[in-house]
Amino acid sequence: MPTLLIHNIHTLSTQNDAGREWRDAAVFVQDGLIVWVGPQTDLPTGLREAEEMMDGRHLLVIPGLINTHHHMFQSLTRAIPAVQNAQLFSWLEGLYPIWARLTPEMIRVSAQVAMAELLLSGCTTSSDHLYIYPNGVKLDDSIDAARDIGMRFVATRGSMSVGQSQGGLPPDSVVEREDAIVRDSQRVIESYHDRRHGAMIQVAVAPCSPFSVSPDLMKLSAELARRYQVRLHTHLAENDHDVAYSREKFGRTPAQYAQDLGWLGEDVWHAHCVKLDDEGISLFAATRTGVAHCPCSNMRLASGIAPIRRMLDAGVPVGLGVDGSASNDAAQMVNEARQAMLLARLRKSLEPFGCDHAPLEMTARDSLRLATRGGAAVLGRSHDIGQIAPGYCADLALFDLNTLSMAGGAVHDAVGSLMLCASAPARHTLVQGRWVVRDGHLTTVDLGPLVELHNRLAAQLT
């Protein structure tokens, strides 16, 4: 892999422990890793030439953004009229019968469309929660898509085992036998999970939710994941109906239920947690259990505003997730970070007797940190992604500051403008030292035919 020097960078945000930012900076990349980063004037003589050189005088460079929760297959069912105004449970009930017709080709194509959208927004690492497996669908289909497009990928083997006849939410036609779920989870871990520094593919075990799997499967999944030392993921406390279900079926709050099942710990992250109470926040903080915050989806489905500031102040690891493309209905990570900041500020304004001079719940830099360092922590990757530092993976998002949306803002604060101005696409995106977006265009797949095929499959599905 050739060496790369990006020099004369207008602004570089490292997201390192000190939160260091530099004007007129440089970064040197070799063999997919960052070798050196710092002010242009400090660039060592031996690193002033590289096989590839890029002038960054109009660029903001940040670590590649990290998406901690997604359902990529849902790209095929965006904006379905029947569920545009539904909340979580009725939204799912309207979509389950459509998703029952998914095919392996649909999974591969929808995953690539979702990944293309993420990469074009500067996202370099994404997890995906695939929990429905009809008509021969396998997790392998998503993994193949990631390998082809060049995205760093955490594939989670989701599952549903409790259908309507047993008191669950999904129809019986889309649930699986629990022994088959455990066997296939073991298969994909053994086949694909990479523990090495800079791994491009990792696997996690991810029963879908308390209202679609049994306590036994939750326990079996935790045992399997810990035997193989992989991570655990599920949905938790997404809205009031979700909490009511846990109380009715299990006599516990969602956090208490997770604790009973062994689903707390540094190797676990839960999606949403909109309704996590004070006890739950304390449990998550004490055990370093992670949260994937999905602000756009939570607003789209009227689930509520997650208490993210309280979580962060308590010590809960928090990252961002775009969630499914049928509940967002987008996969633009800069916009997700912006919405996280704005929604936290709205939550602050709703508190009684708020002081107008009190600090806001979240700054622009706080939200960028959620989208980078926060995501790396939630995915257990704080050692190799999420910041620009020597030895870390060369995953970078580069934004053009000479654009209409940044006009008048970047001259004052480039980092602040990225979060406060209209959400910008990445000019370039680098994954493991490889350009996957160059001059605003994907380099790994032909987007036109991909979108055409995706739309044709979406029409067939619905």
Side-chain angles (χ1 to χ4, degrees), residues 69-71 73-74 77 83 86-100 102 128-134 156-178 180-182 185 204-222 232-264 268-277 280 283-284 289 291-294 297-298 300-304 306 321 323-324 326-327:
H69 185 65
H70 207 334
H71 307 293
F73 68 88
Q74 292 180 14
T77 51
V83 295
Q87 294 188 45
L88 177 62
F89 279 21
S90 56
W91 175 85
L92 284 168
E93 288 167 337
L95 288 169
Y96 282 140
I98 298 174
W99 296 336
L102 287 165
D128 183 47
H129 193 184
L130 179 59
Y131 55 77
I132 189 166
Y133 293 86
T156 76
R157 206 302 181 179
S159 56
M160 297 190 294
S161 66
V162 177
Q164 290 173 349
S165 64
Q166 297 176 291
L169 192 69
D172 290 351
S173 61
V174 298
V175 302
E176 299 175 89
R177 289 174 52 92
E178 295 190 348
I181 291 168
V182 173
S185 298
V205 182
C208 185
S209 62
F211 51 81
S212 61
V213 300
S214 71
D216 285 344
L217 182 59
M218 294 290 285
K219 292 176 183 177
L220 288 170
S221 297
L232 288 161
H233 182 50
T234 192
H235 298 87
L236 198 77
E238 186 167 352
N239 72 358
D240 289 330
H241 298 292
D242 192 354
V243 175
Y245 185 94
S246 290
R247 288 189 177 278
E248 178 185 348
K249 295 291 184 180
F250 313 120
R252 311 290 279 162
T253 67
Q256 290 168 344
Y257 181 60
Q259 183 182 39
D260 291 346
L261 299 174
W263 271 73
L264 298 178
V268 183
W269 86 102
H270 295 274
H272 301 293
C273 296
V274 175
K275 300 297 180 178
L276 200 64
D277 58 16
L283 285 171
F284 274 46
T289 303
V291 170
H293 176 40
C294 307
S297 175
N298 295 341
R300 161 79 157 79
L301 296 178
S303 296
D323 200 16
S327 68

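Here the structure is a predicted model, which means the values were calculated and not measured.
L130 places none of its side-chain heavy atoms less than 4.5 Å from the side chain of T156. At least one side-chain heavy atom of H233 sits less than 4.5 Å from a side-chain heavy atom of H129. L301 has its side chain within reach of E238: a pair of non-hydrogen atoms, C-beta onward, lies under 4.5 Å apart. Between T253 and R247, some side-chain heavy-atom pair lies under the 4.5 Å cut-off. Under the 4.5 Å side-chain criterion, counting only non-hydrogen atoms from C-beta, P254 is not in contact with L276. Annotation: side chain of D323 is in contact with side chain of H71 (closest heavy-atom distance under 4.5 Å). Side chains of L283 and L264 form a contact here, defined as non-hydrogen atoms less than 4.5 Å apart. Counting heavy atoms from C-beta on, the side chains of S90 and V83 never come closer than 4.5 Å.
The side-chain hydrogen bond (donor to acceptor under 3.5 Å, both in side chains) contacts involving residues 204-215 comprise E178-S214, S209-S212, where partners must be two or more places apart or lie in separate chains. Within the structure, every pair that satisfies the salt bridge (charged side-chain N to carboxylate O under 4.0 Å, His left out) test and touches residues 250-261, not counting sequence neighbours, is listed here: R252-D260.
Within the 3.5 Å criterion, the main-chain N or O of A326 finds a donor-acceptor partner in the side chain of W91. Side-chain N or O atoms of Q164 include one that pairs as donor or acceptor with a backbone N or O of L169 at under 3.5 Å. Side chain of S297 to backbone of C294: no donor-acceptor contact under 3.5 angstrom is found. Formation of a donor-acceptor pair under 3.5 Å by the D172 side chain with backbone atoms of S165 is found in this model. Between the T234 side chain and the C208 main chain, a donor and an acceptor come within less than 3.5 Å of each other.
Residues L217 and S161 approach most closely at CD2-OG, 3.6 Å, considering heavy atoms. Smallest separation of non-hydrogen atoms from G280 and A255: CA-CB, 3.6 Å. Taking each heavy atom of L236 and A258 in turn, the nearest pair found is CD2-CB, 4.4 Å. Across all their heavy atoms, P210 and Y245 have their closest contact at O-CE2, 3.5 Å. Closest approach of G304 to V274, counting heavy atoms only: C-CG1, 3.6 Å. Minimum interatomic distance between P170 and F211 (heavy atoms only, all atoms of both residues): CD-O, 3.8 Å.
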> What do the steps show when you test E176 against S159 for side chain to side chain contact (heavy atoms under 4.5 Å, CB included), and what is the final call?
Replying inline: CA-CA 7 Å; E176 299 175 89; S159 56; 4.2 Å; yes
>> Go through it in stages, so that I can follow the logic: the residues are Y131 and F73, the test is ring-ring contact (aromatic ring centres under 6.0 Å, His included), and I'd like the CA-CA distance, side-chain angles, deciding distance and then a yes or no.
In response: CA-CA 10 Å; Y131 55 77; F73 68 88; 5.6 Å; yes
> Can you list the steps and then say if F284 with H270 is a ring-ring contact (aromatic ring centres under 6.0 Å, His included)?
Replying inline: CA-CA 10 Å; F284 274 46; H270 295 274; 5.3 Å; yes
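Y133 carries R157 over the face of its six-membered ring, with the cationic atom under 6.0 Å from the centre and within 45° of the normal.
Separating the CG atom in L261 from the CD atom in Q256 is a distance of 12.0 Å, to the nearest 0.5 Å. Taking CH2 of W269 as the start and NE2 of H69 as the end, the distance is 9.5 Å to the nearest 0.5 Å. Distance check, rounded to the nearest 0.5 Å: CH2 of W99 to OG1 of T77 gives 5.5 Å. Of the inter-residue distances, the one linking M160 atom CE with I181 atom CD1 reads 9.0 Å to the nearest 0.5 angstrom. Between the OG atom of S303 and the CG atom of N239 there is a distance of 4.5 Å, given to the nearest 0.5 Å.
In this structure, K275 does not pair ionically with D242, as no charged nitrogen and carboxylate oxygen lie closer than 4.0 Å.
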